[in-house]
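Report on one structure; see the data block that follows.
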Protein chains: 2
Amino acid sequence: MNERREMTTRERILASAAAIIGEDGVTARLSVRAVAERAGVSTGSLRHHFPTQQELRDEVLRRVFDWMLPTSNIDDSTVPARDRLVACLRQVLVMTGTGPEARESMVRIMDSFVTAEQNESVRAAYLAVQSDSQRRMEEWLQVLAADVDLPEDDIPRRARFLGTVLNGLAMERALPTADSLAHVETEALFVAADAVLNPALPS
Amino acid sequence: MNERREMTTRERILASAAAIIGEDGVTARLSVRAVAERAGVSTGSLRHHFPTQQELRDEVLRRVFDWMLPTSNIDDSTVPARDRLVACLRQVLVMTGTGPEARESMVRIMDSFVTAEQNESVRAAYLAVQSDSQRRMEEWLQVLAADVDLPEDDIPRRARFLGTVLNGLAMERALPTADSLAHVETEALFVAADAVLNPALPS
DNA sequence: ACCTGAACACCGTTCAAGT
DNA sequence: ACCTGAACACCGTTCAAGT
């Protein structure tokens with residue numbers, strides 16, 4: 001709505017792209033001509049603001065993620081445990097960014113820990129990060145255990161699993177994506193949260 | 001090699017498509033005209049055998065995967081469903097290898113899909129691989145649904161989640177590791193399998 | 001600097017026409 | 001049934017030209 005007045009051309013283009021996604025759903029094609037026509041600008045002008053179509057997609061995606069940013073409070077027992085956990089996990093993912101930023105994050109991780117010579121110091125560096133995030137997730141589960149009645153001694157295993165899921169999602173943020181990444185990611189986080197918060201999960 | 005003689009048109013088309021992938025790598029574009037020209041047939045003839053380009057890509061990919069992955073016995077109902085699923089997931093992981101081999105796999109994926117210029121063809125190539133493995137996992141869950149009573153319409157979501165977990169595990173194979181990666185990995189696979197095979201998993 | 005719109009080189013699909 | 005090739009409706013990108 002009101003994509004034409006009192007906005008810069010750039011914003012009008014972004015608003016139109018977002019509107020198309022909003023209407024046609026996540027499978028929207030987001031073609032140059034469709035976006036340009038809707039924004040009331042020429043294809044050339046669109047290209048001037050977004051040199052490639054990918055850059056337009058990245059920016060739209062970045063805003064969508066920013067828009068659904070969480071204010072996570074693990075202690076707030078007025079919201080369901082799974083929602084609190086998902087919010088916390090999402091905040092971890094915020095650090096990896098989206099689009100080009102996510103790819104840079106991943107390349108940096110690769111350079112530091114995979115391509116680099118596998119000596120004791122890089123190993124130690126990675127394990128420090130790893131065990132820190134592991135500890136943090138265990139703390140979250142500990143807090144939630146009050147509401148959900150988790151078996152205490154299974155918390156490390158469940159936290160470890162969450163770490164694996166987050167690694168998978170970070171990787172998928174760097175890889176090429178169907179435009180439905182935000183949706184897919186949210187679903188994965190909820191499936192993981194439900195799995196991990198299920199008291200009856202077999203061991 | 002010998003794509004022109006003693007083969008049906010259909011096989012010649014598939015061979016040409018496979019040859020293009022073999023030469024240009026998985027990011028090859030596989031356009032109608034390129035495949036048709038190489039196979040020595042018209043675009044119309046190609047369409048006659050493969051009504052859509054997607055069907056051609058799917059068939060080529062299916063053969064490639066079948067060739068490099070023996071199917072484990074998902075049908076063997078004498079073993080528990082979760083064990084069968086874990087066995088299948090493990091077979092996917094076999095492809096990424098371990099140790100230096102796993103690091104090379106990951107670097108190759110990064111080069112092809114993350115570091116590479118993000119254009120339509122690398123995106124399409126990744127999505128083709130992605131959707132093929134997605135389809136494969138949906139098939140597994142479909143088979144297991146007979147024993148575990150899964151809600152049919154939730155299978156895609158669950159399969160997608162398994163994909164994310166496998167991505168996370170593949171990444172962890174490349175990263176430095178604490179001690180028994182095998183142990184941690186097995187636990188993650190079972191948690192994922194139990195989550196996904198739980199009929200009561202909230203949606 | 002910002003914008004236009006034609007032009008270019010692609011793409012997948014359709015279809016009347018041949019054998 | 002199998003095959004041809006032109007035609008159609010797209011796509012993303014480039015660029016000389018305007019303001």
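Chain letters run A, B, ... following the sequence lines, proteins first, then strands; residues in each count from 1.
With sequence neighbours left out, the salt bridge (Lys or Arg N to Asp or Glu O under 4.0 Å) criterion links A/R160 to B/E172.
Put simply, the residue from A/D194, A/L85, A/L162, A/V86 that forms a side-chain contact (heavy atoms from CB on, under 4.5 Å) with A/L189 is A/V86. Among the candidates A/R103, A/R173, A/R63, the single residue satisfying the salt bridge (Lys or Arg N to Asp or Glu O under 4.0 Å) test with A/D58 is A/R103.
Contacts of residues 53-61 of chain B with DNA chain C (heavy atom under 4.0 Å): B/Q53, B/R57.
Nucleotide D/dG12 holds its P atom 10 Å from the CG atom of A/L46, rounded to whole Å. Between B/R33 atom CZ and C/dT13 atom P the separation is 11 Å, expressed in whole Å. What separates CD1 of B/I13 from C1' of C/dG12 is a distance of 15 Å, to the nearest Å. At whole-Å resolution of the value, CD in A/E37 and C1' in D/dC11 are 15 Å apart. Atom-to-atom, NE2 of A/H49 to P of C/dA1 comes out at 12 Å; the value is rounded to the nearest Å. Atom CZ of A/R47 is separated from atom P of D/dC11 by 12 Å (rounded to the nearest Å).
Formation of a donor-acceptor pair under 3.5 Å by the A/N73 side chain with backbone atoms of A/D75 is found in this model. Within the 3.5 Å criterion, the main-chain N or O of A/A17 finds no donor-acceptor partner in the side chain of A/R38. Although no hydrogens or angles enter the test, the distance criterion places a donor-acceptor pair under 3.5 Å between the side chain of B/T186 and the main chain of B/A182.
Taken together, the paired segments of DNA chain D that extend over three or more consecutive Watson-Crick or G-U pairs, each closer than 3.5 Å at both contacts, are C:4-8 with D:12-16, C:12-16 with D:4-8.
Taking every side-chain heavy atom of B/S45 into account, D/dT4 is the closest of D/dT13, C/dT13, D/dT4. Counting only heavy atoms from C-beta on, A/S42 has its side chain closest to C/dT4 among D/dC3, C/dT4, D/dG5.
Minimum interatomic distance between B/L89 and B/M137 (heavy atoms only, all atoms of both residues): CD2-SD, 4.2 Å.
Ion pair A/R108/A/D111 not flagged as a salt bridge, since none of the NZ, NE, NH1 or NH2 atoms sits closer than 4.0 Å to an Asp/Glu carboxylate oxygen. The pair B/R62-B/E59 meets the salt-bridge criterion, since a charged nitrogen lies less than 4.0 angstrom from a carboxylate oxygen.
A/T52 comes within 4.0 angstrom of the backbone, heavy atoms only, and of no base.
OP1 or OP2 of C/dC11 sits under 4.0 Å from a side-chain N or O of B/S31. Within the structure, every side-chain polar atom (N or O) of A/H48 is placed at least 4.0 Å from both OP1 and OP2 of C/dT4.
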